[in-house]
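Worksheet: the structure to be examined is printed underneath.
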Amino acid sequence: MNFLIGAFKPACNISITFSDGKSRKQVPLKKENGQTVMVPLFQSQENIAGKISIEPFQGKKIEHNGVKVELLGQIEMYFDRGNFYDFTSLVRELDVPGDIYERKTYPFEFSTVEMPYETYNGVNVRLRYVLKVTVSRNYGGSIVEYQDFMVRNYSPAPSINNSIKMEVGIEDCLHIEFEYNKSKYHLKDVIIGKIYFLLVRIKIKNMDLEIRRRESTGSGANTHVETETLAKFELMDGAPVRGESIPIRLFLSPYELTPTHRNINNKFSVKYYLNLVLVDEEDRRYFKQQEITIYRLQDS
Amino acid sequence: MLGKLLIQDSTKASWNYLVGAFKPPCNIFISFADGRSRKQVPLKKENGKTVMVALFQSQENIVGEVVIEPIQGKKVEHNGVKIELLGQIELYFDRGNFYDFTSLVRELDVPGELYERKTYPFEFSTVEMPYESYNGVNVRLRYILKVTISRNYVSNIVEYQDFVVRNYTPPPSINNSIKMEVGIEDCLHIEFEYSKSKYHLKDVIIGKIYFLLVRIKLKNMELEIRRRESTGSGPNTYVETETLAKFELMDGAPVRGESIPIRLFLSPYELTPTYRNINNKFCVKYYLNLVLVDEEDRRYFKQQEITVYRLLET
């Protein structure tokens with residue numbers, strides 16, 4: 001039995017290392033199996049360089065038809081799981097057909113790689129970047145090794161960032177005016193604002209502010225929309241009176257947000273909304289949803 | 001007679017209809033944003049025709065517009081429009097099978113219908129194009145933009161736009177001369193010297209041939225530039241050698257102590273840079289071949305590799 005198991009094991013170990021692996025920032029990445037691993041962090045236009053070591057097991061030789069490394073940017077839709085859509089594919093041939101008898105190291109480099117989209121793990125979609133090493137073989141099946149890495153892209157603070165101000169309500173029943181100080185927030189930002197009650201003729205018992213993520217995948221009739229409530233923040237407990245002003249101060253850093261992704265290669269988009277919810281004494285919910293833009297600011 | 005004519009006419013009409021049925025229902029135009037100002041260079045197509053295409057270099061932005069124009073009165077139902085930037089190697093012994101070493105995709109439109117002319121902007125930023133465009137004897141390396149309109153029941157509509165990539169190198173910091181003494185013992189001894197071992201495409205080869213010993217009757221001497229294109233690997237390696245230039249250095253018999261100068265301009269010849277191991281698929285090397293011919297037409301030669309590089313034109 002042990003012999004049989006050994007027969008199906010790959011004939012070598014493949015290890016992929018980045019040349020600046022020790023100094024480069026590592027970030028957690030959740031794998032398909034639920035485990036979290038630390039992977040290196042890159043951004044668009046960086047050089048991705050390193051070494052690939054292929055080490056045959058003691059006493060084994062590897063006959064191969066060539067060794068190559070691919071840098072792949074892939075989108076996987078969960079309703080079409082296992083089918084990866086490659087939006088970036090760069091290849092470097094590392095070795096011509098031959099035999100490997102002992103540990104062999106191949107350097108590789110992909111220069112100023114354009115990685116326009118960020119790594120994203122969502123409910124119905126995943127965008128990932130991998131290095132894929134393939135040792136091509138005729139009969140034994142190719143030996144493949146993957147190395148995930150993470151991409152995050154940074155934006156400067158927007159030059160125009162208008163506040164959001166709106167008057168909403170039910171005629172002759174409830175009129176409120178809300179204001180958020182900005183429409184665009186970075187991931188570590190603070191939402192500052194206020195709710196002003198212009199008219200209150202219904203018995204309100206509390207008020208919440210929610211942060212919602214809306215992930216939309218596919219297109220046309222095949223659009224799947226998934227909405228998650230990421231944060232629920234109680235603004236008020238008890239009945240307000242006319243003329244009352246409720247302040248808002250909501251820190252974004254505790255929540256696992258991503259930047260807003262608009263139309264990523266026509267495959268998916270991720271948008272964020274602030275949802276103001278008022279609940280009356282009969283548990284009826286009155287809400288107003290407002291889209292905000294989230295961006296990643298370079299950590300200083 | 002009239003009946004015959006009528007039959008001919010209707011046949012012609014149905015034939016025209018058939019031809020029209022297989023024509024794509026739209027025209028696709030691909031243009032570069034800086035197309036008017038960007039340098040154009042000639043590119044030889046498979047059909048032997050030469051067309052002028054845009055010239056880029058690695059790390060440039062490739063930006064432009066795709067225009068899709070349905071033919072009058074037709075609508076185009078599609079499953080999406082995409083543009084791909086492809087870097088491909090085609091080996092001629094495996095013709096039609098393209099090996100993509102670079103593939104970047106931008107989705108331009110979601111499934112829908114096109115009723116009228118529609119323009120899609122596209123951008124590929126700082127694209128790494130590590131290898132130059134190359135058209136050889138047994139291999140071709142090309143870069144293309146490929147626009148695909150995906151359709152369900154009928155074939156996809158595809159349009160290609162070639163462009164050329166050239167990469168520039170600074171002058172090498174070390175560029176030793178080539179100096180060598182060769183010959184046949186007690187028969188012919190010569191010493192040759194070339195001023196450099198690395199030359200740019202518009203360079204001049206300067207050197208000299210010095211006859212140390214001449215005991216055979218030589219009638220002439222020439223210098224050849226040879227290109228050696230090697231494709232495949234291992235037992236499947238194909239090597240193709242072309243003589244690109246033949247330059248007569250001497251006509252008549254030399255005497256001992258004579259020195260023959262060399263001054264060979266490279267610009268008239270269609271050279272490319274030296275390519276060493278392009279993605280493990282092919283390489284292109286250049287050699288200077290010094291040939292001496294005796295009166296019995298025996299040829300004595302010495303081949304010496306040189307490196308050719310592309311210098312940025314100022």
Side-chain angles (χ1 to χ4, degrees), chain A residues 43-49 63-75 77 84-99 106-117 127 134 136 138 153 216-223 262-269, chain B residues 57-63 77-89 91 98-113 120-131 141 148 150 152 167 230-237 276-283:
Chain A
Q43 67 186 79
S44 188
Q45 312 301 350
E46 280 201 276
N47 294 344
I48 296 180
E63 289 180 39
H64 66 87
N65 276 348
V67 180
K68 67 177 174 184
V69 61
E70 293 166 271
L71 189 154
L72 301 173
Q74 304 181 315
I75 295 172
M77 304 286 197
F84 289 99
Y85 173 88
D86 295 353
F87 58 86
T88 289
S89 161
L90 304 171
V91 189
R92 294 289 179 273
E93 291 286 338
L94 301 176
D95 206 349
V96 296
D99 296 343
Y106 304 97
F108 68 87
E109 179 169 7
F110 297 95
S111 303
T112 59
V113 184
E114 188 195 9
M115 297 176 284
Y117 314 124
L127 190 149
T134 308
S136 304
N138 263 344
N153 291 324
S216 159
T217 54
S219 61
N222 301 325
T223 306
R262 291 188 203 285
N263 192 12
I264 298 299
N265 222 24
N266 271 1
K267 290 279 183 277
F268 72 95
S269 57
Chain B
Q57 68 186 78
S58 189
Q59 311 301 350
E60 279 201 277
N61 295 343
I62 296 181
V63 186
E77 287 183 41
H78 66 86
N79 273 349
V81 180
K82 68 176 174 183
I83 183 166
E84 294 166 272
L85 188 155
L86 301 173
Q88 303 181 316
I89 295 171
L91 298 168
F98 289 98
Y99 173 89
D100 294 352
F101 58 86
T102 289
S103 160
L104 304 171
V105 189
R106 294 289 179 274
E107 291 286 338
L108 300 177
D109 206 350
V110 296
E113 292 172 354
Y120 303 97
F122 67 86
E123 177 168 6
F124 297 95
S125 303
T126 59
V127 184
E128 189 195 10
M129 298 177 283
Y131 315 124
L141 190 150
T148 307
S150 305
N152 259 344
N167 291 324
S230 160
T231 55
S233 61
N236 301 326
T237 305
R276 294 188 201 283
N277 191 11
I278 298 298
N279 220 25
N280 271 1
K281 290 279 182 277
F282 72 96
C283 58

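So that the names make sense, note that chain A is the first sequence line, chain B the second, and so on, each numbered from 1.
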For the candidates A/P116, A/G66, A/G98, A/S89, which exhibits the highest count of non-hydrogen atom pairs separated by less than 4.5 Å from chain B?
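Result: the option with the highest number of such pairs is A/S89.
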Who among A/N263, A/D95, A/V113 has the most heavy-atom pairs with chain B under 4.5 Å?
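If we count pairs closer than 4.5 Å to chain B, A/D95 comes out on top.
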Any sub-3.5 Å donor-acceptor pair from A/N47's side-chain atoms to A/T112's backbone N or O?
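Yes; at least one donor-acceptor contact below 3.5 Å.
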Side chain from CB out, backbone as N, CA, C, O: work out which of these in A/L94 comes under 4.5 Å of a heavy atom of chain B, or both, or neither.
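The answer is the backbone of A/L94.
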Tell me, side chain or backbone of [X] under 4.5 Å from chain A's heavy atoms, or both, or neither?
| X | answer |
| --- | --- |
| B/N277 | neither |
| B/Y99 | side chain |
| B/I278 | neither |

The criterion is ring pair (Phe, Tyr, Trp, His ring centres under 6.0 Å); which residues satisfy it with A/F268, sequence neighbours excluded?
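Partners of A/F268 under the ring pair (Phe, Tyr, Trp, His ring centres under 6.0 Å) test: A/Y120.
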Under the rule for salt bridge (charged side-chain N to carboxylate O under 4.0 Å, His left out), what residues qualify as partners of A/E46, not counting sequence neighbours?
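Only A/R24 meet the salt bridge (charged side-chain N to carboxylate O under 4.0 Å, His left out) criterion with A/E46.
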How far does OG1 of A/T134 sit from CD of A/E93, to the nearest 0.5 angstrom?
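Atom-to-atom, A/T134:OG1 and A/E93:CD are 9.5 Å apart.
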Nearest 0.5 Å please: distance from the CG atom of A/D86 over to the CG atom of B/D100.
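Answer for the CG-CG pair, A/D86 versus B/D100, is 11.0 Å.
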